[in-house]
Enquirer: 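So that we are looking at the same thing, I have put the structure below in structure tokens.
Not measured: the values here are computed from a predicted model.
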Amino acid sequence: MPMTDPKPSMMLTTAQIQARIADLAREISADYPPGEDIHLVAILKGAFLFLGDLIRAIDRDVTVDFMAVSSYGKGTRSSGEVKMVKDLDSGLEGRHVIIVEDIVDTGLTLSYLQEILRARSPRSLRTACLLSKPSRRKVAVKVEYIGFTIEDRFVVGYGLDYGEKYRNLPYIGVLGEG
Ligand code: IMP
Ligand code: MG
């Protein structure tokens with residue numbers, strides 16, 4: 001057993017993440033009619049840093065809300081069962097909603113979220129994910145805004161955890177390599 005937790009090896013630097021988020025923010029701003037507010041629904045806990053950087057890069061009116069889900073089990077793989085732990089504070093009817101999520105892996109979490117949020121009659125519903133691991137997909141899920149497409153590695157940092165640790169890393173790293 002190691003005395004301290006291993007240091008993850010670098011996959012995406014802070015500068016790479018910031019530059020890509022600036023691109024996504026420009027894309028999002030341009031995709032909605034001027035004057036129509038965008039409502040960002042961030043999925044806790046993993047998306048909190050992505051949301052923070054994304055909203056600061058969006059130069060128009062946005063509102064935010066938070067939802068927490070848990071995917072039963074705290075290892076490196078989600079079990080596929082999703083449970084809502086915290087619901088939104090306000091309704092979505094008639095609003096332009098963007099789900100803000102850290103990573104899409106099997107797609108089970110996002111397909112569950114899209115289904116329950118679509119049932120609340122938003123004017124539009126899109127999804128922004130910082131990371132996507134397409135090789136792991138079990139269900140097809142539409143994600144309009146993807147930061148980075150990555151290989152099947154378990155990544156941590158920049159909000160993403162392993163057993164609740166590593167969320168505070170300013171970069172995205174890979175555990176157990178290098
Ligand atoms: P999915 O339901 O399999 O798409 O998994 C989505 C959730 O699993 C994410 O919100 C993460 O919490 C977690 N997850 C999937 N892959 C990783 C990873 O590489 N690092 C950290 N968390 C991950
Ligand atoms: Mg998560």
Side-chain angles (χ1 to χ4, degrees), residues 17-18 20-74 78-134 136-150 155-161 164 167-168 172:
I17 297 167
Q18 296 299 331
R20 184 66 189 123
I21 290 176
D23 291 343
L24 289 178
R26 267 190 295 272
E27 226 184 293
I28 289 170
S29 298
D31 282 354
Y32 292 82
E36 293 183 12
D37 293 358
I38 303 170
H39 188 54
L40 299 173
V41 167
I43 310 307
L44 296 172
K45 302 173 193 166
F48 78 111
L49 291 180
F50 178 36
L51 176 81
D53 284 338
L54 186 66
I55 57 169
R56 283 181 289 180
I58 295 177
D59 189 20
R60 55 183 291 163
D61 289 336
V62 298
T63 51
V64 301
D65 204 348
F66 297 91
M67 179 177 269
V69 295
S70 102
S71 55
Y72 295 104
K74 49 181 191 264
S78 75
S79 63
E81 282 177 84
V82 183
K83 181 178 74 164
M84 194 194 299
V85 175
K86 181 216 175 292
D87 202 348
L88 300 172
D89 289 340
S90 62
L92 301 181
E93 200 172 339
R95 303 171 99 168
H96 288 300
V97 174
I98 302 178
I99 301 172
V100 178
E101 172 64 311
D102 53 0
I103 186 167
V104 51
D105 186 30
T106 63
L108 291 163
T109 305
L110 266 182
S111 62
Y112 164 83
L113 287 168
Q114 289 178 353
E115 192 185 313
I116 60 166
L117 297 187
R118 199 171 284 119
R120 299 179 186 187
S121 308
R123 181 160 171 197
S124 67
L125 181 67
R126 292 186 175 186
T127 302
C129 262
L130 182 63
L131 303 169
S132 172
K133 286 195 267 193
R136 295 252 314 147
R137 215 68 97 238
K138 282 185 185 155
V139 289
V141 61
K142 196 166 169 188
V143 181
E144 285 81 0
Y145 306 103
I146 291 176
F148 301 91
T149 297
I150 62 171
V155 291
V156 294
Y158 198 75
L160 291 108
D161 73 307
E164 293 299 325
R167 294 194 197 274
N168 57 320
I172 290 174

Enquirer: Taking NZ in Lys142 as the centre, count heavy atoms belonging to other residues, nucleotides or ligands within less than 6.0 Å. Is the count above 12?
Expert: no

Enquirer: Show your reasoning for whether side-chain contact (heavy atoms from CB on, under 4.5 Å) applies to Val143 and Glu101.
Expert: CA-CA 10 Å; Val143 181; Glu101 172 64 311; over 6 Å; no

Enquirer: Quick check: do Ile21 and Leu130 have side-chain heavy atoms less than 4.5 Å from each other?
Expert: yes

Enquirer: Grab the two heavy atoms, one from Leu49 and one from Tyr158, that are nearest each other, plus how far apart they are.
Expert: O-OH, 3.5 Å

Enquirer: Got a second to check how far Asp89's CG is from Met67's CE, nearest 0.5 Å?
Expert: 10.0 Å

Enquirer: Could you please spell out the steps behind the salt bridge (Lys or Arg N to Asp or Glu O under 4.0 Å) verdict for Asp65 and Arg95?
Expert: CA-CA 12 Å; Asp65 204 348; Arg95 303 171 99 168; 6.0 Å; no

Enquirer: Do Ile116 and Met84 touch side chain to side chain, with heavy atoms closer than 4.5 Å?
Expert: yes

Enquirer: Quick check: do Leu40 and Ile58 have side-chain heavy atoms less than 4.5 Å from each other?
Expert: yes

Enquirer: Using side-chain heavy atoms (C-beta onward) and a distance below 4.5 Å, is Glu144 in contact with Glu27?
Expert: no

Enquirer: Can you see which heavy atom on Ile150 is nearest to which on Pro134, and at what distance?
Expert: O-CD, 3.8 Å

Enquirer: For Glu164, I'd like to know if atom CD has over 12 heavy atoms of other residues, nucleotides or ligands within 6.0 Å.
Expert: yes

Enquirer: Which heavy atom in Tyr32 sits nearest to a heavy atom in Arg60, and how many Å separate them?
Expert: O-NH1, 3.0 Å

Enquirer: Any side-chain heavy atom of Cys129 within less than 4.5 Å of one from Leu110?
Expert: yes

Enquirer: Is there a side-chain contact between Ile99 and Leu125 (heavy atoms, below 4.5 Å)?
Expert: yes

Enquirer: Of the non-hydrogen atoms in His96 and Ser124, which two are nearest, and what is the gap between them?
Expert: ND1-OG, 2.7 Å

Enquirer: If every non-hydrogen atom of Ala57 is compared with every non-hydrogen atom of Ala22, which pair is closest and at what distance?
Expert: CB-CA, 4.4 Å

Enquirer: Does Leu54 reach the side chain of Ile28, with side-chain heavy atoms less than 4.5 Å apart?
Expert: yes

Enquirer: Decide whether Gln114 and Thr127 meet the rule of one side-chain donor and one side-chain acceptor closer than 3.5 Å.
Expert: yes

Enquirer: Go through the structure and list residues passing side chain to side chain donor-acceptor pair (under 3.5 Å) with Thr63, not counting sequence neighbours.
Expert: His39

Enquirer: So, do Phe50 and Leu24 sit near enough that their side-chain heavy atoms are less than 4.5 Å apart?
Expert: yes

Enquirer: Give me the atom names and distance for the closest heavy-atom approach of Arg20 to Ile146.
Expert: NH2-O, 2.9 Å

